[in-house]
Amino acid sequence: MMWSVALGSTIAPDLDVVRHFVTRVTTPENPFTPHKHAVPELWFIVEGEALVTLDGVEHPVESGDLIVIDPWVEHGLRVEKQATWICLG
């Protein structure tokens, strides 16, 4: 399995406490709408393909990709079919 980072020059140095660990399934009917907050997050795409929006720019991602989201970066995820992913923050 290949790992790649879609965004971020650091691997979430402020992620010293895990506040949540969630597995999500996103479909076209329930996109993960863009939002932002003060804590960093790591997203791991388990299955499928998606478009991750980071500060208004869309990035294609697929299974095996790791997305590093720094604090206050607006982020969201949408799909054409379905994607399963893990959010750690």
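When reading the values below, keep in mind they use all heavy atoms of this one structure, side chains included, and skip hydrogens, waters and symmetry mates. In what follows, residues are counted from 1 in the order of the sequence shown.
For the atom pair CZ of Phe21 and SG of Cys87, the computed distance is 9.5 Å after rounding to the nearest 0.5 Å. Considering CZ of Arg24 and CD1 of Ile45, their distance stands at 11.5 Å, rounded to 0.5 Å. Note that the CD atom of Glu49 and the CG atom of Asp65 stand 10.0 Å from one another [nearest 0.5 Å]. With rounding to the nearest 0.5 Å, the separation of CD1 in Ile67 from CD in Glu41 is 11.0 Å.
Leu77 pairs with exactly one of Thr33, Val52, Leu51, Thr53 by the side chain to side chain contact (heavy atoms under 4.5 Å, CB included) rule, that one being Val52.
Under the 4.5 Å side-chain contact rule for hydrophobic residues, Val57 and Leu66 do not share a cluster. Taken together through direct or relayed side-chain contacts under 4.5 Å among Ile, Leu, Val, Met, Phe, Trp and Tyr, Trp72 and Val68 form parts of separate hydrophobic clusters.
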Checking side chain to side chain contact (heavy atoms under 4.5 Å, CB included) for the pair Ile86/Val22: CA distance, chi angles, key distance, verdict?
-> CA-CA 6 Å; Ile86 295 169; Val22 181; over 6 Å; no

Starting from the C-alpha separation in whole Å, work towards a yes-or-no answer on side chain to side chain contact (heavy atoms under 4.5 Å, CB included) for Ile69 and Leu42.
-> CA-CA 6 Å; Ile69 304 167; Leu42 299 174; over 6 Å; no

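A donor-acceptor contact closer than 3.5 angstrom is absent between the side chains of Glu74 and His35.
Across every non-hydrogen atom of Thr27 and Gln82, the tightest pair is CG2-OE1, 3.9 Å. Between Ala50 and Ala83, the closest heavy-atom pair is CB-CB, 4.3 Å.
Enclosure of atom CD in Glu58 by more than 12 non-hydrogen atoms of other residues, nucleotides or ligands within 6.0 angstrom is indicated.
Taking the six-membered ring where tryptophan is involved, the planes of Trp43 and Trp85 are tilted, since the angle between them lies from 30° to 60°.
Ring to ring, His37 and His75 are close: their centroids are under 6.0 angstrom apart.
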